[in-house]
Number of protein chains: 2
Amino acid sequence: MDTTDIFEKCLGCRYMVALMRRIGEGIQRPGQLERALEDISAKVLSERLKRLVEYRIVERTNFPEIPPRVEYRLTPFGQRLLAIVDEVEQLHAIASQQAD
Amino acid sequence: MDTTDIFEKCLGCRYMVALMRRIGEGIQRPGQLERALEDISAKVLSERLKRLVEYRIVERTNFPEIPPRVEYRLTPFGQRLLAIVDEVEQLHAIASQQAD
DNA sequence: CGGAATCCAAGAAGATACTG
DNA sequence: CAGTATCTTCTTGGATTCCG
């Protein structure tokens with residue numbers, strides 16, 4: 001698992017940054033996330049979550065209830081990664097002001 | 001121009017991180033970059049460079065000579081961005097060691 | 001409700017040829 | 001040498017359906 005994969009497979013895919021942010025904000029269930037992201041399909045959301053788990057950015061907890069309940073939350077690694085993403089956001093905001 | 005674009009259109013595309021690194025290391029001409037990246041086609045390299053210029057990560061200088069010469073170098077914004085990319089690299093390396 | 005499977009449309013990338 | 005255009009191929013994302 002190469003480091004550039006984190007950019008290509010996680011951060012660079014559509015919805016990914018927004019998804020990580022929502023999870024960081026405490027929106028943890030797939031149904032809620034689907035509504036919060038507004039535009040994402042259930043299939044793509046599911047794929048994204050799976051990948052975030054695979055890269056240990058997010059952790060999945062399964063509650064064996066009826067109806068089924070599942071929760072996702074950021075790992076420590078995920079939290080640090082998100083903090084770095086925010087650095088980019090701030091850097092970009094500053095650079096945009098200065099442009100032209 | 002949204003911030004997530006930087007992830008989706010710049011950092012998340014194949015070759016992009018490697019390309020930024022090479023430019024940062026002083027490899028500045030398209031022909032050299034094409035050889036340095038080994039696997040990239042001239043067309044895709046050209047598209048990537050164009051986009052990096054568009055996002056002000058890289059600056060293009062044209063020397064009107066025969067044969068034509070062109071050089072790309074990181075802008076201050078690009079340098080800071082690359083520094084953040086390196087943070088992710090280090091963070092990931094640490095997290096990988098701790099895994100399992 | 002969460003998630004996997006299927007099928008289809010849109011976009012990204014590779015190969016090649018061509019221009020200034 | 002740098003860059004564009006065209007064509008083809010592969011990957012990604014969207015819509016729908018079905019299962020536990």
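Chain A is the first sequence line, chain B the second, and so forth, proteins listed ahead of strands; every chain is numbered from 1.
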Find the distance between CD (A:E54) and CZ (A:R48) and round it off to the nearest 0.5 Å. 12.0 Å

Quick one, A:E34 with A:K43, criterion salt bridge (Lys or Arg N to Asp or Glu O under 4.0 Å). Give me CA distance, side-chain angles, the key distance, then yes/no. CA-CA 10 Å; A:E34 189 178 349; A:K43 179 200 130 187; over 6 Å; no

Give one of base, sugar-phosphate or nothing for A:P30, where a contact means two heavy atoms less than 4.0 Å apart. sugar-phosphate

Atom pair CG/CG of B:L81 and B:L74 - distance to nearest 0.5 Å: 9.0 Å

If you measure from CD1 on B:I84 to NE2 on A:H92, what distance do you get to the nearest 0.5 Å? 12.0 Å

Note: contacts of residues 38-46 of chain A with DNA chain C (heavy atom, under 4.0 Å) are A:K43, A:S46

Looking only at side-chain N and O atoms, does B:R14 come under 4.0 Å of OP1 or OP2 in D:dT11? no

Which pairs would a plain distance check flag for residues 7-19 of chain A, meaning a side-chain donor or acceptor within less than 3.5 Å of a matching protein atom at least two apart in sequence or in another chain?
none

Minimum-distance nucleotide to B:R48 side chain [options: D:dC1, C:dA13, D:dA2]: C:dA13

Could you walk me through whether B:E71 and B:F63 satisfy the side chain to side chain contact (heavy atoms under 4.5 Å, CB included) test, starting with their C-alpha distance in whole Å, then the side-chain angles of each, then the deciding distance to 0.1 Å, before giving a yes or no? CA-CA 8 Å; B:E71 288 185 7; B:F63 300 87; 3.9 Å; yes

Between C:dC1 atom P and A:I27 atom CD1, what is the distance in whole Å? 16 Å

Nucleotide D:dA2, atom P - distance to OH of B:Y72 in whole Å: 9 Å

Treating B:T75 as the side-chain partner and B:I57 as the backbone partner, does any N or O pair qualify as donor plus acceptor under 3.5 Å? yes

Without decimals, in angstroms, what is the distance between A:E8 CD and D:dT12 P? 10 Å

Separation of atom CD in B:E65 from atom C1' in C:dG20, rounded to whole Å: 15 Å

Taking OP1 and OP2 of D:dA2, is either one under 4.0 Å from a side-chain nitrogen or oxygen of B:R69? no

Provide, to the nearest angstrom, the distance between the CD atom belonging to B:E47 and the P atom belonging to C:dA13. 8 Å

Rounded to the Å, how far apart are B:L11 CG and C:dA12 C1'? 17 Å

Among residues 15-25 of chain A, which residues get a heavy atom nearer than 4.0 Å to DNA chain C? none

Rounded to whole Å, the NZ-P distance (A:K9 to D:dT12) equals 7 Å

In whole angstroms, how far is the C1' atom of C:dA12 from the NZ atom of B:K50? 15 Å

Other residues, nucleotides, ligands: >12 heavy atoms within 6.0 Å of A:R69 CZ: yes

Salt bridge check, B:E47 against B:K50: does any charged N sit closer than 4.0 Å to a carboxylate O? no

